[in-house]
Asker: 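Below: one structure in structure tokens.
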Amino acid sequence: MRFTSEQRLDDGVLEREFTLGEIPGTLWTPESTAPVPLILMAHNNGLPKGAARLVARARHSAAYGYAVATIDASGCGDRPLSAADEQARAGLRRAMQAGEPVDEIFESLVGPLVERAVPEWRTTLDALLALPEIGGPVGYSGWTAVGIRLAVVEPRIAAAGFFAGGYVPRAQREEARQVTIPLLFLLQWDDEGNPRQRALDLFEAFGTTEKTLHANLGGHTGTPWFEVEDGNRFFGRHLK
């Protein structure tokens with residue numbers, strides 16, 4: 001891991017850009033004399049790590065006392081898409097404009113992104129936990145499809161917050177039954193891109209006995225800010 005820039009923000013949080021091989025990332029850490037817990041914060045497929053909503057959540061959680069890290073996994077942000085990804089996205093745009101079914105196109109796009117992203121997140125986790133200022137335990141917040149796979153294969157993740165705002169491939173819907181860590185699941189009731197019943201069925205499928213559903217009125221980007229506060233309290237119960 002190589003840090004390429006750093007700045008101390010007004011709230012005392014240290015923001016550092018890093019690279020890990022081909023993986024670009026950002027790490028936010030609070031002022032602390034002792035190692036702090038870590039939250040991996042993933043954005044939905046295709047968005048950059050510098051997306052304003054993600055950065056705002058990350059800075060707030062870091063000021064709350066967590067180290068927070070995000071990366072541009074393969075196919076996200078400025079990292080190039082494969083030819084198959086480009087073809088799938090073009091097909092998705094055409095199908096949506098024509099009002100045609102899009103589930104199979106989403107499957108061909110999101111499924112491979114998950115398969116490529118999860119190993120990169122685990123590599124990043126290895127490097128982050130080697131830093132003296134980070135002590136664990138580890139939480140995960142964000143993109144549900146990647147989070148499900150990580151929660152299943154990565155025993156170091158102790159709790160997760162998922163956003164029910166993106167397509168979850170069939171493989172991850174099946175894997176949801178293997179998720180046994182504490183879970184906070186956020187649902188926008190009127191999300192135009194995520195069928196409500198599918199999200200509710202996914203919540204029911206999670207295997208954990210400690211799961212909470214927060215549903216709010218509004219569309220995809222309308223998650224209330226107080227859910228960030230509730231998320232920090234959720235992680236406080238399980239990471240501190």
Side-chain angles (χ1 to χ4, degrees), residues 1-9 11-21 23-44 47 49-51 53-73 76-77 117-163 179-186 208 210 227-240:
M1 177 175 284
R2 183 172 67 89
F3 289 105
T4 57
S5 69
E6 69 173 60
Q7 62 173 326
R8 182 71 66 179
L9 306 175
D11 52 12
V13 170
L14 180 63
E15 179 183 86
R16 288 175 285 176
E17 300 292 325
F18 66 83
T19 58
L20 184 61
I23 307 168
T26 309
L27 174 64
W28 296 266
T29 48
E31 292 182 304
S32 176
T33 58
V36 295
L38 171 66
I39 297 175
L40 304 178
M41 197 166 282
H43 44 70
N44 269 12
L47 292 177
K49 63 183 178 62
R53 285 183 296 145
L54 182 142
V55 171
R57 289 194 295 119
R59 289 184 55 175
H60 192 273
S61 295
Y64 201 86
Y66 303 105
V68 182
T70 189
I71 63 171
D72 277 341
C76 295
V118 168
E120 294 195 343
W121 273 107
R122 299 187 76 185
T123 297
T124 303
L125 180 57
D126 290 340
L128 291 167
L129 289 179
L131 298 174
E133 61 268 40
I134 298 176
V138 181
Y140 172 91
S141 175
W143 184 6
T144 299
V146 164
I148 291 172
R149 171 63 60 82
L150 272 175
V152 170
V153 302
E154 183 48 74
R156 291 173 291 185
I157 294 179
F162 293 157
F163 287 74
V179 175
T180 57
I181 58 175
L183 176 65
L184 176 62
F185 195 61
L186 300 183
T208 178
E210 189 172 348
E227 291 291 3
V228 177
E229 298 278 359
D230 285 347
N232 286 333
R233 286 190 288 270
F234 165 78
F235 284 119
R237 292 193 295 274
H238 302 290
L239 303 185
K240 290 187 175 182

Asker: How long is the straight-line distance from CG of Asp126 back to CH2 of Trp121, given to the nearest 0.5 Å?
Answerer: 13.0 Å
Asker: How close do Ala62 and Val68 get, counting heavy atoms only, and between which atoms?
Answerer: N-CG2, 3.8 Å
Asker: Any side-chain heavy atom of Glu154 within less than 4.5 Å of one from Val118?
Answerer: no
Asker: Any chance you could lay out the side-chain contact (heavy atoms from CB on, under 4.5 Å) test for Leu131 and Leu27, step after step, and finish with the verdict?
Answerer: CA-CA 11 Å; Leu131 298 174; Leu27 174 64; 3.8 Å; yes
Asker: Search all heavy atoms of Asp72 against all heavy atoms of Ile23 and return the closest pair with its distance.
Answerer: O-CG2, 4.2 Å
Asker: Is there a donor-acceptor pair under 3.5 Å between the side chain of Tyr140 and the backbone N or O of Ile148?
Answerer: no
Asker: Does the side chain of Glu227 reach to within under 4.5 Å of the side chain of Phe234, using non-hydrogen atoms?
Answerer: no
Asker: Is the closest side-chain heavy-atom distance between His43 and Arg53 below 4.5 Å?
Answerer: no
Asker: From Leu128 CG over to Thr123 OG1, what is the distance, rounded to the nearest 0.5 angstrom?
Answerer: 11.0 Å
Asker: Is the backbone of Val179 close enough, under 3.5 Å, to the side chain of Thr208 for a donor and an acceptor to pair up by distance?
Answerer: no
Asker: Identify the heavy atoms of Ala158 and Leu239 that sit nearest to each other, and give their distance.
Answerer: CB-CD2, 4.0 Å
Asker: Distance check, rounded to the nearest 0.5 Å: Phe18 atom CZ versus Thr26 atom OG1?
Answerer: 7.0 Å
Asker: Please determine whether a side-chain nitrogen of the Lys or Arg among Arg237 and Glu210 lies less than 4.0 Å from a carboxylate oxygen of the Asp or Glu.
Answerer: no
Asker: Just how far is it from atom CD1 of Ile39 to atom CG of Asn232, taken to the nearest 0.5 Å?
Answerer: 6.0 Å
Asker: Working note: Leu40 + Thr124, criterion side-chain contact (heavy atoms from CB on, under 4.5 Å); need CA distance, chi angles, decisive distance, verdict.
Answerer: CA-CA 9 Å; Leu40 304 178; Thr124 303; 5.6 Å; no
Asker: Which heavy atom in Ala67 sits nearest to a heavy atom in Val36, and how many Å separate them?
Answerer: N-CG2, 3.6 Å
Asker: Locate the shortest heavy-atom distance separating Arg57 from Ser141; write the atom from each residue and the value.
Answerer: NH1-OG, 3.2 Å
Asker: Could you verify whether a donor N or O on one side chain and an acceptor N or O on the other, from His60 and Asp11, lie under 3.5 Å apart?
Answerer: no
Asker: If you define the side chain from C-beta out and look only at heavy atoms, does anything of Leu20 sit under 4.5 Å from Glu120?
Answerer: no
Asker: Roughly how far apart are Met41 CE and Trp28 CH2, rounded to 0.5 Å?
Answerer: 8.0 Å
Asker: So, for Glu133 and Thr29, which heavy atoms are closest and what is the spacing to 0.1 Å?
Answerer: CG-CG2, 4.3 Å
Asker: What verdict does the side-chain contact (heavy atoms from CB on, under 4.5 Å) test give for Phe235 and Ser61, after you've listed the backbone C-alpha separation in whole Å, the side-chain angles of each residue and the deciding distance to 0.1 Å?
Answerer: CA-CA 10 Å; Phe235 284 119; Ser61 295; over 6 Å; no
Asker: Please check this pair: side chain of Arg122 against backbone of Val153, looking for a donor-acceptor N/O pair closer than 3.5 Å.
Answerer: yes
Asker: Counting C-beta onward and ignoring hydrogens, is there a side-chain heavy-atom pair between Pro137 and His238 closer than 4.5 Å?
Answerer: no
Asker: Quick one, Val138 with Leu129, criterion side-chain contact (heavy atoms from CB on, under 4.5 Å). Give me CA distance, side-chain angles, the key distance, then yes/no.
Answerer: CA-CA 9 Å; Val138 181; Leu129 289 179; 4.1 Å; yes
Asker: Mind checking whether Lys49 and Thr70 have side chains closer than 4.5 Å, heavy atoms only?
Answerer: yes
Asker: Roughly how far, to the nearest 0.5 Å, is the NZ atom of Lys240 from the OH atom of Tyr66?
Answerer: 4.5 Å
